[in-house]
Amino acid sequence: MSKTADLRLPDPSRWKALAFIALAQLMVVLDATIVNIALPHAQTDLGISDANKQWVITAYALAFGGLLLFGGRIADLWGRKRTFVVGLIGFALASALGGAAQNQAMLFGSRALQGVFGALLAPAALSLLAVMFTDAKERAKAFGIYGAIAGGGGAVGLILGGFLTQVLDWRWTFFVNIPFAAVAAAGAYFVIREPAGSRNRSSLDVPGVVLSALGLVSLVYGFTRAESAGWADGLTIGMFVASGVLLLAFVATEARVKSPLLPLRVVLDRNRGGVYLSLGLAIIAMFGLFLFLTYYLQVVKGYSPIRTGFAFLPMIAGMITGSTQIGARLMTRVPARKLMGPGFLAAAVGMLLLTQLEIDSSYVGLILPAQLLLGLGMGTAFMPAMSLATHGVEPRDSGVASAMVNTSQQVGGAIGTALLNTIAASAATAYAGSHAALGATDPELLKLQSMVHGFTGAIWWAVGILLVAATIAVTFVNAGRPTAAPTSGGAGSGDAEGVEDEFRMPVVAH
């Protein structure tokens with residue numbers, strides 16, 4: 001029997017492996033928000049100035065976002081299991097360093113190291129799922145769990161961060177990663193068996209690594225700096241110009257080199273390209289919402305950190321339900337765009353409800369139903385998006401294809417935080433200026449009203465962004481429903497117009 005016809009029997013330990021992969025993914029995703037809750041306490045303890053506090057977030061974002069493509073290529077070259085375990089161990093050590101930090105330099109350095117090892121860990125985790133789950137129904141369930149974690153992990157971080165900071169100490173928001181990583185690494189080492197013949201042993205594209213890392217770092221830093229220094233700041237503009245030049249040079253390089261870091265076939269496929277773009281736009285809206293609701297609940301409504309975290313539970317429940325009960329069940333029955341498009345539209349309706357926020361808005365009457373709609377919509381859309389992001393790629397490219405998912409999320413998060421926060425701040429300033437009379441009689445009330453007005457103004461933009469994401473999903477993504485069983489052949493490119501036939505999942509032959 002030829003290798004192309006040799007169907008690999010499913011790994012009997014694949015579901016156990018999924019548990020450890022999911023645990024690692026949860027650790028990485030919740031780390032993005034858990035530190036935000038602890039930041040004010042860490043700033044006071046270590047004497048970090050207001051001007052420098054952003055580097056607790058920025059150091060991680062720059063390292064993680066800049067090195068994701070490199071991490072995905074290392075996973076393809078070095079082996080996904082090995083890269084996954086090394087990423088976990090390194091992330092745990094970096095977290096221990098952060099928890100033990102005695103000064104700001106030590107804390108900033110630990111966050112950068114977390115980003116480096118996270119860039120190894122995240123694409124390796126997703127690509128392991130891509131090569132281990134080839135049966136369409138099983139793949140739907142596996143990616144349903146993964147999608148729920150990817151979408152809801154940030155909100156879990158708010159709950160855990162609030163509890164640890166309020167009950168224990170801010171340092172435990174770092175130390176908590178150690179048991180997560182230890183369990184996941186031990187389980188992965190003993191349980192995961194990576195399919196044979198799926199590595200890409202081509203030589204490393206060093207120019208591509210340098211250009212992509214510098215280009216993405218410039219892009220992420222540009223948006224991060226815009227939030228604090230403004231869009232007209234000279235360095236902000238310089239970062240965006242540098243990013244454009246570097247990323248264009250990267251694309252030109254990848255089109256010419258023999259073994260590119262990011263084969264252009266990965267992103268030029270209309271289905272994967274549509275997923276990367278729509279997912280990145282959805283994350284822009286989501287990250288802005290996390291920021292606004294956290295401030296609204298704590299500053300305007302007076303919630304404690306723990307209560308704020310629990311206030312996000314309906315969104316988590318909605319994401320889990322949408323991902324595992326709607327997306328996973330329907331993925332093998334309907335084309336992906338018929339889940340992604342309506343999912344993003346449902347999330348847009350939930351976001352639309354939040355444009356009605358006022359100082360005295362009811363949590364049960366407004367915020368709760370909005371969160372449920374957001375969670376259900378995002379969970380339903382994320383699940384097929386995560387699966388389709390690695391659809392049709394050759395096994396040797398699964399690491400870098402997975403890295404593109406994380407890159408779109410990371411860049412989307414940086415854009416969402418900076419763009420929507422800037423819009424909110426501008427709207428709040430304009431409102432305060434036009435209601436100066438109120439400020440003379442009740443300055444505290446004006447401050448809160450201006451803040452809420454700014455939030456709702458930015459949320460209108462988030463609604464529009466989600467509508468664009470839905471449009472891209474139904475326009476670009478044209479893959480039909482997956483087959484119910486693994487196929488022996490590789491997947492097609494999916495570039496042909498009007499593809500409605502069943503797409504095939506890649507199977508790795510021994």
Quick check, are the ring centers of Y60 and F64 under 6.0 angstrom apart?
-> yes

Minimum heavy-atom distance F84-F20, with the two atoms named = CZ-O, 4.0 Å

Is a donor on one side and an acceptor on the other found under 3.5 Å between the side chain of Y431 and the backbone of M451?
-> no

Sub-3.5 Å donor-acceptor pair from the side chain of N478 to the main-chain atoms of N271, do we have one?
-> no

Least distance between heavy atoms, M315 atom then L374 atom | CE-CD1, 4.3 Å

Minimum heavy-atom distance between L247 and S212, given as atom pair plus value = CD2-O, 4.5 Å

Rounded distance [0.5 Å steps], CG in L357 versus CZ in F455 = 9.0 Å

K447 NZ: over 12 foreign heavy atoms closer than 6.0 Å | no

Between G118 and P123, which heavy-atom pair has the shortest distance, and what is it?
-> O-CD, 4.1 Å

What residue among L368, I367, L376 forms side chain to side chain contact (heavy atoms under 4.5 Å, CB included) with P314?
-> L368

Shortest non-hydrogen separation from L467 to A348 and the atoms involved | CD2-CB, 4.1 Å

Once you round to the nearest 0.5 Å, how far does CH2 of W461 lie from CG of L419?
-> 7.0 Å

All heavy atoms of G87 vs all of L120, minimum pair found to be CA-CB, 4.3 Å

CG of L262 to CZ of R73, rounded to nearest 0.5 Å, is 11.0 Å

Measure up the F240 and W231 rings against each other and bin them: parallel (under 30°), tilted (30 to 60°), perpendicular (over 60°).
-> parallel

Counting only heavy atoms not in Y303, do more than 12 sit closer than 6.0 Å to its OH atom?
-> yes

